[in-house]
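Remarks on the structure that follows.
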Amino acid sequence: MAENMHSKIDNTLDQFTGKRGSGGPPQRGTGKEDFPGEFERLKLAVIRPVFETVGNGLKERGHEFNIAEEPDGKISIHIVPAGVNKSIHPYDWFPTFSFFGSPDRKIIGLHGRNMRPNSEPSSGSRGEYKPALVSKEIVEKELMKFIGEIDNW
């Protein structure tokens with residue numbers, strides 16, 4: 001009888017804590033507190049590797065690139081087109097493509113800044129994705145679209 005009571009208590013507590021008979025830890029929702037870790041994982045496993053691969057391809061063609069991460073979590077690739085003198089300008093003066101997290105909305109935003117010398121600046125949002133949709137193919141597609149727009153720098 002004591003064993004039966006113990007089983008009922010366990011079942012009730014399992015339901016209360018989110019455990020559903022799997023024997024594993026309680027299940028957590030994808031709340032705001034989970035987003036920073038997911039974004040960090042995507043930066044390391046998906047975004048940065050694509051930035052490096054595409055950046056190395058640009059480097060082989062005479063361009064320069066720099067990948068930077070900011071304390072707020074934003075990751076950016078700065079592209080210095082071939083033949084442009086970088087010596088007096090910081091990397092962020094050149095075309096920059098960024099991914100940033102928005103924990104409140106649980107989305108990953110894209111931002112592009114294509115500042116051409118002696119022309120109107122083009123800067124702004126380039127879209128947003130739920131973390132589950134961010135893949136190497138998506139990062140590459142969006143980055144290549146941005147690079148295509150700066151080819152006449």
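This chain uses plain numbering: 1 for the first residue, then up along the sequence.
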Looking only at non-hydrogen atoms, find the nearest pair between Arg113 and Phe94 and report the distance. NH2-O, 3.9 Å
Would you say that Lys74 contacts Phe99 through its side chain, given a criterion of any heavy-atom pair below 4.5 Å between the two side chains? no
Show the numbers, then the answer: is there a salt bridge (Lys or Arg N to Asp or Glu O under 4.0 Å) between Glu52 and Arg48? CA-CA 6 Å; Glu52 289 171 350; Arg48 180 174 281 278; 3.8 Å; yes
Any chain of hydrophobic side-chain contacts (each under 4.5 Å) joining Leu44 to Leu143? no
Looking only at heavy atoms, the pair that brings Ile108 and Pro131 closest together is CD1-CA, 4.1 Å
Please assess Glu38 against Lys106 for the test salt bridge (Lys or Arg N to Asp or Glu O under 4.0 Å), listing each intermediate value before the final yes or no. CA-CA 10 Å; Glu38 179 67 4; Lys106 293 183 250 176; over 6 Å; no
Please round to the nearest 0.5 Å and tell me the distance separating atom CG of Asn56 and atom NE2 of His63. 13.0 Å
Are Lys130 and Ile107 close enough that some pair of their side-chain heavy atoms sits under 4.5 Å apart? yes
For Phe65 and Phe51, the nearest pair of non-hydrogen atoms, with its separation, is CE1-O, 4.3 Å
Taking a hydrophobic cluster as the set of Ile, Leu, Val, Met, Phe, Trp and Tyr residues connected by side-chain heavy atoms closer than 4.5 Å, whether directly or through intermediates, do Ile75 and Leu133 fall within one such cluster? yes
Can you see which heavy atom on His78 is nearest to which on Thr96, and at what distance? ND1-OG1, 2.8 Å
Please round to the nearest 0.5 Å and tell me the distance separating atom CZ of Arg41 and atom CD1 of Ile47. 10.0 Å
Give the intermediate values and the outcome of side chain to side chain contact (heavy atoms under 4.5 Å, CB included) for residues Val54 and Val139. CA-CA 10 Å; Val54 171; Val139 174; over 6 Å; no
Can you measure from CG (Leu110) to CD (Glu142) and round to the nearest 0.5 angstrom? 5.0 Å
To the nearest 0.5 angstrom, please state how far the CZ atom of Phe35 sits from the CG atom of Leu42. 8.5 Å
Report yes if some heavy atom in the side chain of Glu64 is under 4.5 Å from a heavy atom in the side chain of Lys59; otherwise report no. no
Rounded distance [0.5 Å steps], OG in Ser98 versus CD in Glu70: 7.0 Å
Would Phe39 end up clustered with Ile67 when hydrophobic side chains under 4.5 Å apart are linked, directly or stepwise? yes
Heavy-atom closest contact (Lys136 atom, Val46 atom, distance): N-CG1, 3.5 Å
Glu140 side, atom CD; Ser135 side, atom OG - distance, nearest 0.5 Å: 9.5 Å
